[in-house]
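Nothing fancy with the numbering, it's 1 onward along the sequence. Keep in mind that the numbers below use all heavy atoms, side chains included, and drop hydrogens, waters and symmetry copies.
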Amino acid sequence: MSDLIKKASSELREIIMAALGSLVAEQAVPAVAIPDFNIEIPADKSHGDFAANTAMVCAKAFRMAPRQIAELITNKVQLEGTIFEKAEVAGPGFMNFFLGRRWFLDVVANVLEEGDDYGKTKLGEGKKVLVEFVSANPTGPMHIGNARGGAIGDCLASVLQWAGYHAEREFYVNDAGNQIEKFGKSLSLRFMQLCSEKGQQLIAENKDNTDKLCAEIYALSGEGQEFEMPEDVYLGTDIIEHAANFLSINGSAVSEASEEERRKALVEYALPLNIAGLERDLKKYRIVYDNWFRESTVHEKNETKTIVDKLLEVGKAYEEDGAVWFKATEYGLDKDFVLRRSNGLYTYIVPDIAYHYNKLVTRGFDKAINVLGADHHGYVPRLKAALTALGVDANKLDVVLMQMVRLVRNGETVKLSKRSGKAITLVTLLDEIPIDAARFFFNLREANSQFEFDLDLAVEHTSQNPVYYVQYAHARICSVIRNLTEEGFEIPETADFGLLDNPREIELIRHLASLPKEIDLAAKTYDPAKITKYSVDLATLFHRFYDACSVKNAETPELRNARLMLCLAVRQTLRNVLSILNIDRPEKM
């Protein structure tokens with residue numbers, strides 16, 4: 001797996017250091033330690049393919065003007081036999097370096113040679129990374145925030161794999177604690193409503209229409225109405241549907257049981273259905289997890305008690321008024337917080353601490369990455385403080401905080417679907433727009449940015465729709481190859497890439513070369529949006545090249561073959577990028 005940009009950067013550093021060594025030997029500059037300098041790719045390619053700030057950072061050590069140092073270095077660099085052909089000094093002392101033709105030829109050949117592996121790097125060195133994302137509350141369907149988190153988390157795991165990490169995907173199932181108590185209470189209330197005289201009447205009137213039954217009961221749930229619900233329950237129509245289905249299957253016997261028994265029976269019926277539904281819906285979204293970790297296992301193994309006991313043992317927790325408190329202020333937090341209440345119940349953060357201890361210690365992952373909603377910003381420091389107190393390196397836990405999404409149609413915010421009481425969920429979203437569009441759009445912006453999802457744009461078959469634009473570039477290349485083949489042209493196995501000297505060709509090749517660097521950067525910053533941006537830029541550069549440089553009607557057969565091979569390299573790169581995003585690669589559109 002080659003990263004020609006990284007190799008070029010390393011070679012340039014050696015060239016500059018060799019020139020400095022010669023200058024020191026000639027006593028043109030003092031023999032002092034060379035400060036670390038940067039080699040970057042200028043945004044403006046008229047400033048060269050690479051730029052170095054060596055002269056700027058050496059000015060103080062050498063006691064010389066930066067431009068004077070830059071001129072000394074550029075006059076001394078030996079470029080013959082290297083991939084560079086020219087060096088220039090710009091401004092107050094920047095040094096710009098221009099790649100030779102050989103490097104650009106190697107890029108196209110390298111893409112075609114590596115094929116499906118082109119872009120992969122060894123940044124991660126096989127380290128184990130666990131990416132936890134979505135982890136939606138199993139008491140209801142996934143909402144739009146989960147849809148964004150799913151796309152970001154899944155693509156991030158893919159980016160990490162391409163960057164040489166061993167990445168696993170995990171869903172944390174909150175099947176214990178307060179939300180399950182609330183779920184049981186909600187189900188029990190709705191079940192008893194259905195068993196009432198009015199409920200039975202509505203069931204009889206809507207015998208074959210569960211949707212209508214749920215809507216009518218929901219409509220009667222407001223303040224002061226027959227089916228009024230308290231504030232501390234789930235109000236969605238999915239709760240009514242579960243209760244109605246349970247009643248249809250099992251009858252009304254549990255209405256005579258104790259409240260505890262009724263809740264238990266209803267939860268044991270509904271919760272597995274919800275969890276199976278989450279897995280089914282995520283598979284539809286092309287997300288398949290390596291692990292489904294249940295919170296209940298933490299409780300069953302008594303790991304919550306183990307965590308609190310250990311914190312007490314190492315002096316990082318204390319008892320007061322019958323409760324156990326964590327010494328959070330010792331870790332820079334504003335106040336201590338409760339781990340175990342005076343009634344013996346653990347607070348919600350304790351199983352989370354145990355779960356992350358399991359990730360990083362029991363299972364031995366080198367890094368745990370969580371994709372969470374922005375409302376978790378206060379929770380993360382507490383979790384890290386507790387892990388530190390337990391002797392775990394909290395730097396092994398990284399959190400990607402994700403802003404919420406605003407759905408827009410016709411320029412207006414979309415809040416509820418047409419079905420009364422049901423907010424737009426992942427499933428209802430995917431009923432409206434293609435899966436490719438959903439996955440691509442949710443990765444258009446970095447996670448911590450606000451995002452407007454334009455539902456109208458997502459279904460457009462125009463160049464304004466970014467996923468369509470990228471897929472069309474792939475299909476266009478397939479069409480070029482197909483048409484040439486049908487006309488009797490042979491697809492070459494080799495070509496003279498030295499013929500590719502049009503600025504559009506050079507610009508396109510330069511972008512092809514940058515994929516490994518972009519993958520490494522996306523992995524380092526946990527930002528798969530860099531890959532969607534790369535794909536849009538690649539499609540743009542290809543369309544520009546195609547409009548400026550005829551393939552079929554090239555001036556010579558040799559040039560036609562070279563351009564055709566360049567098209568194949570672009571197609572391969574598009575295939576690889578779209579596979580990272582798990583988006584279809586159509587050959588016809």
message = For K396 and D366: C-alpha separation, side-chain torsions, deciding distance, then whether salt bridge (charged side-chain N to carboxylate O under 4.0 Å, His left out) applies.
response = CA-CA 7 Å; K396 288 186 174 183; D366 297 297; 5.4 Å; no
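- Counting heavy atoms from C-beta outward, R148 and F453 have side chains that stay 4.5 Å or more apart.
- Listed here is the closest heavy atom pair of V134 and G149: CG2-C, 4.2 Å.
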query = Can you check salt bridge (charged side-chain N to carboxylate O under 4.0 Å, His left out) on E505 and R510, steps first, answer last?
reply = CA-CA 9 Å; E505 295 165 339; R510 185 184 285 114; over 6 Å; no
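- In terms of modelled atom types and a separation under 3.5 Å, the side chain of K384 and the main chain of L397 share a donor-acceptor contact.
- Of the charged side-chain nitrogens involved, at least one lies within less than 4.0 Å of a carboxylate oxygen, so that R476 and D547 count as a salt-bridged pair.
- Using modelled atom types, one finds a donor on one side chain and an acceptor on the other under 3.5 Å when comparing D436 with Q471.
- Listed for the D584 side chain is no donor-acceptor partner under 3.5 Å among the backbone atoms of P586.
- Proximity of a side-chain donor or acceptor of R585 to a complementary backbone N or O of L578 within less than 3.5 Å is not detected.
- A salt bridge is absent between K120 and D3: the closest approach of a Lys/Arg side-chain nitrogen to an acidic carboxylate oxygen does not fall below 4.0 angstrom.
- Under the 3.5 Å distance criterion, the side-chain polar atoms of S479 are left unmatched by any main-chain donor or acceptor of A475.
- Residues R482 and E587 are not paired through a salt bridge, judged by the lack of any N-O separation under 4.0 Å between the basic side chain and the carboxylate.
- With hydrogens and angles ignored, the 3.5 Å screen pairs a side-chain donor or acceptor of D49 with a backbone N or O of L99.
- A 6.0 Å sphere centred on CD of E490 holds no more than 12 heavy atoms belonging to other residues, nucleotides or ligands.
- Taking the side chain as every heavy atom from C-beta outward, L455 and V459 never approach each other to under 4.5 Å.
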ask   = Are R575 and D117 close enough, and set up right, to give a salt bridge (charged side-chain N to carboxylate O under 4.0 Å, His left out), and what steps lead you there?
value = CA-CA 10 Å; R575 283 178 184 270; D117 288 330; over 6 Å; no
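- In E487, the CD atom is crowded: over 12 heavy atoms of neighbouring residues, nucleotides or ligands sit closer than 6.0 Å.
- Scanning both residues, H47 and F98, for their nearest heavy atoms gives C-CZ, 4.1 Å.
- Here the side chains of V470 and L538 are not in contact, with every heavy-atom distance at 4.5 Å or above.
- Taking Q450 as the reference, Q403 meet the side chain to side chain donor-acceptor pair (under 3.5 Å) condition, with sequence neighbours excluded.
- The line from OG1 of T573 to CG of L508 is 8.5 Å long, rounded to the nearest 0.5 Å.
- In this structure, the side chains of E446 and F451 stay at 4.5 Å or more apart for every pair of heavy atoms.
- Under 4.0 Å is where a charged nitrogen must lie from a carboxylate oxygen, and between E11 and K6 no such pair does.
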request  = Give the C-alpha distance, both sets of side-chain angles, the deciding distance and a yes or no for ring-ring contact (aromatic ring centres under 6.0 Å, His included) between H376 and Y379.
outcome  = CA-CA 5 Å; H376 286 75; Y379 154 91; 5.6 Å; yes
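- Annotation: side chain of R406 is not in contact with side chain of I144 (no heavy-atom distance under 4.5 Å).
- Counting only N and O atoms by type, the side chains of E460 and N465 include no donor and acceptor under 3.5 Å apart.
- Nearest heavy atom pair, residue Y469 against residue V536, reads CE2-O, 4.0 Å.
- No more than 12 heavy atoms of other residues, nucleotides or ligands sit less than 6.0 Å from atom CD of E412.
- Between I506 and L500, the shortest heavy-atom contact is CD1-O, 3.5 Å.
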ask   = Going through the distances and angles, do K524 and D520 end up as a salt bridge (charged side-chain N to carboxylate O under 4.0 Å, His left out)?
value = CA-CA 6 Å; K524 289 175 182 176; D520 277 356; 5.6 Å; no
key: CA sep, side-chain torsions, deciding dist, call: N370, H356, side-chain contact (heavy atoms from CB on, under 4.5 Å)   = CA-CA 10 Å; N370 295 357; H356 286 83; 2.7 Å; yes
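- Across every non-hydrogen atom of A569 and V111, the tightest pair is O-CG1, 3.4 Å.
- What you find for K284 and I435 is that their closest heavy atoms are O-CD1, 3.0 Å.
- Between F171 and W292, the ring planes are parallel. Angles under 30° get that label, and only those over 60° would be called perpendicular.
- The distance between the ring centers of Y289 and F133 falls below 6.0 angstrom.
- Between Y526 and I369 the shortest side-chain heavy-atom distance falls below 4.5 Å.
- A 4.5 Å side-chain heavy-atom check between R439 and D154 finds at least one atom pair inside the cut-off.
- A side-chain donor-acceptor contact under 3.5 Å links T556 to the backbone of L559.
- Contact of the L581 side chain with the I531 side chain is registered, since non-hydrogen atoms from C-beta on lie closer than 4.5 Å.
- A cation-pi arrangement, defined by a distance under 6.0 Å to the six-membered ring centre and an angle within 45 degrees of its axis, is absent between K359 and F365.
- Side-chain polar atoms of S135 and E132 form a donor-acceptor pair below 3.5 angstrom.
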inquiry  = Run the side-chain contact (heavy atoms from CB on, under 4.5 Å) test on L566 and L512 for me, step by step, so that the C-alpha distance in whole Å, both residues' side-chain angles and the decisive distance to 0.1 Å come before the verdict.
reply    = CA-CA 10 Å; L566 176 56; L512 289 177; 3.9 Å; yes
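- The line from CG of N110 to OH of Y118 is 6.0 Å long, rounded to the nearest 0.5 Å.
- In this structure, the separation between NZ on K127 and CG on L160 is 12.0 Å, given to the nearest 0.5 Å.
- Annotation: K533, atom NZ; neighbour count of heavy atoms from other residues, nucleotides and ligands within 6.0 Å does not exceed 12.
- Although no hydrogens or angles enter the test, the distance criterion places no donor-acceptor pair under 3.5 Å between the side chain of S158 and the main chain of C155.
- Under the 6.0 Å distance and 45° angle rule, R563 does not count as a cation-pi partner of Y546.
- In this structure, the separation between CE on M95 and CD1 on I15 is 11.0 Å, given to the nearest 0.5 Å.
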request  = Decide side-chain contact (heavy atoms from CB on, under 4.5 Å) for H474 and M589; before the verdict, give the C-alpha distance in whole Å, the side-chain angles of both, and the deciding distance to 0.1 Å.
outcome  = CA-CA 10 Å; H474 181 270; M589 289 180 73; over 6 Å; no
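- Between the side chain of D527 and the backbone N or O of A447 there is no donor-acceptor pair closer than 3.5 Å.
- In the model, D116 has a side-chain atom that pairs as donor or acceptor with a side-chain atom of Q572 under 3.5 Å.
- Using modelled atom types and a 3.5 Å distance limit, the side chains of T428 and T425 yield a donor-acceptor pair.
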task = I would like to know whether F62 and Q68 meet side-chain contact (heavy atoms from CB on, under 4.5 Å); could you show each step before the answer?
result = CA-CA 10 Å; F62 289 179; Q68 183 183 358; over 6 Å; no
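- Judged by distance alone, the side chain of D290 and the main-chain N or O of R169 form a donor-acceptor pair under 3.5 Å.
- Between the side chain of N53 and the backbone N or O of M56 there is no donor-acceptor pair closer than 3.5 Å.
- A ring-centre distance under 6.0 Å is found for H543 and Y472.
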